[in-house]
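Following: one structure in structure tokens, then a few remarks.
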There are 2 protein chains.
Amino acid sequence: MGNLYRFVEPVVLLLLKKKGRSYGYDLSGELHKHALTDAEIERAALYRTLRQLEVNGNVVSEWETDDSGPARRVYRLTAQGERHLEEWATVLEHVSKSMNRFVRDTKNLLNGKTSRKKARPA
Amino acid sequence: MGNLYRFVEPVVLLLLKKKGRSYGYDLSGELHKHALTDAEIERAALYRTLRQLEVNGNVVSEWETDDSGPARRVYRLTAQGERHLEEWATVLEHVSKSMNRFVRDTKNLLNGKTSRKKARPA
DNA sequence: GGCTCTACGTGCGATGTGCATCTATTTCGC
DNA sequence: GCGAAATAGATGCACATCGCACGTAGAGCC
């Protein structure tokens with residue numbers, strides 16, 4: 001898995017795939033809707049993640065000055081970025097299953113269950 | 001959630017609950033069976049996590065010199081540690097669901113699906 | 001002209017991580 | 001009986017990461 005980045009990276013990749021193209025300030029308003037934890041995602045973390053994704057060739061950016069307001073650095077996924085998103089999905093699918101197992105095991109232990117399933121008593 | 005510790009903390013709590021009492025070197029051999037990611041869990045991280053758990057009152061330890069071999073620092077959960085484990089289960093259940101949603105969304109996007117479900121073509 | 005909103009960042013101290021290393025005791029091979 | 005390996009716990013340090021604060025700048029508003 002390498003680094004966690006508080007799972008900012010995969011969410012950014014997904015959002016970029018979904019929107020086609022976008023920029024930091026815009027993404028920051030939608031990140032929480034797809035976030036994997038309820039921890040707030042810092043703007044600083046977002047900007048740094050985007051730059052890192054570009055350094056690694058997963059996205060490319062260009063300045064957009066046409067519209068109103070300050071210039072925007074607009075990002076879009078590269079082909080490699082799409083593969084990277086797919087890899088994240090594979091990894092997170094695996095982690096999700098592990099977490100489910102953890103939750104099941106924990107609940108069984110804390111409720112003092114044996115291995116058989118049984119309806120909860122009133 | 002606070003800190004992630006590469007998810008060492010919750011796994012240690014679960015193992016301690018399961019085994020009743022144990023010590024670092026013993027736990028290190030079983031951690032990978034319950035680990036949430038396939039990243040190797042460093043011994044250093046384990047020892048430091050155990051100490052941190054004790055500082056926060058989630059476990060208590062005592063030296064055991066009776067048996068063969070070098071002295072062992074044997075840990076067991078406190079009542080607070082059990083609650084902490086339960087909290088972890090709640091958090092991870094939530095994260096697991098978020099990850100599942102992420103995986104579903106990603107696969108739909110990458111396969112170019114619309115919203116309807118459909119059997120895979122051969 | 002000043003205030004607010006949009007937009008992109010950086011600086012820096014605090015914390016966390018990985019790798020290597022250290023100490024000490026016991027057991028095993030021979 | 002002696003050295004090697006296993007058991008057991010822990011630290012040192014360089015480096016990465018994180019959160020918070022701060023900095024810069026253009027556009028629109030009144």
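Below, chains carry the letters A, B, ... as their sequence lines are ordered, and counting in each starts from 1. This structure is a prediction, so every number in the text was calculated from the model and none was measured.
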For residues 96-105 of chain A, run the donor-acceptor check on the side chains, cut-off 3.5 Å, and write out each pair with its distance to 0.1 Å, sequence neighbours left out.
residue : atom : partner : partner atom : Å
A/Ser96 : OG   : B/Ser96 : O            : 3.1
A/Ser96 : OG   : B/Ser96 : OG           : 3.1
A/Ser98 : OG   : A/His94 : O            : 3.2

* Just how large is the angle between the end axes of the helix from C/dG1-D/dC30 to C/dC30-D/dG1, five pairs per end, to 10 degrees? -> 10°
* Rounded to the nearest Å, what distance is computed from the CG atom of residue B/Leu50 to the P atom of nucleotide C/dG16? -> 16 Å
* Asked: CD of B/Glu42 versus P of C/dT21: gap in Å, rounded?
  -> 14 Å
* Is the side chain of A/Thr78 donor-acceptor paired with the backbone N or O of A/Gly57 at a distance under 3.5 Å, no angle test? -> yes
* Asked: Got a second to check how far B/Thr65's OG1 is from B/Arg72's CZ, nearest 0.5 Å?
  -> 10.5 Å
* Output yes when A/Lys107 and B/Glu93 qualify as a salt bridge under the 4.0 Å nitrogen-oxygen rule, no when they do not. => yes
* To do: Please report, rounded to the nearest Å, how far the C1' atom of C/dT17 is from the CG atom of B/Leu46.
  => 14 Å
* Asked: In whole Å, what is the span from the CD1 atom of A/Ile41 to the C1' atom of D/dC20?
  -> 17 Å
* **A/Gln52 CD - D/dC18 P separation (whole Å)** => 11 Å
* Asked: Charged N to carboxylate O below 4.0 Å: is that the case for A/Arg73 and A/Glu62?
  -> no
* Asked: Is it true that B/Lys19 and B/Asp26 make a salt bridge, defined as a side-chain N closer than 4.0 Å to a carboxylate O?
  -> yes
* Asked: Just checking, is any N or O donor in the side chain of A/Glu9 or A/Thr49 under 3.5 Å from an acceptor N or O on the other one?
  -> no
Please write out each protein N/O paired with an N/O of nucleotides 3-10 of chain C under 3.5 Å, distance rounded to 0.1 Å.
residue : atom : partner : partner atom : Å
C/dT6   : OP2  : A/Tyr25 : OH           : 3.3
C/dA7   : OP1  : A/Tyr23 : OH           : 3.2
C/dA7   : OP1  : A/Arg72 : NE           : 2.7
C/dA7   : OP1  : A/Arg72 : NH2          : 2.5
C/dA7   : OP2  : A/Tyr23 : OH           : 3.2
C/dC8   : OP1  : A/Arg73 : N            : 2.9
C/dC8   : OP2  : A/Gly24 : N            : 3.4
C/dC8   : OP2  : A/Tyr25 : N            : 2.6
C/dC8   : OP2  : A/Tyr47 : OH           : 3.1
C/dG9   : OP1  : A/Arg51 : NE           : 3.4
C/dG9   : OP1  : A/Arg51 : NH2          : 2.8
C/dG9   : OP1  : A/Arg73 : NE           : 3.2
C/dG9   : OP1  : A/Arg73 : NH2          : 3.2
C/dG9   : OP2  : A/Arg73 : NE           : 3.0

* Asked: Should the heavy atoms of other residues, nucleotides or ligands under 6.0 Å from CD of B/Glu40 be counted, would the total exceed 12?
  -> no
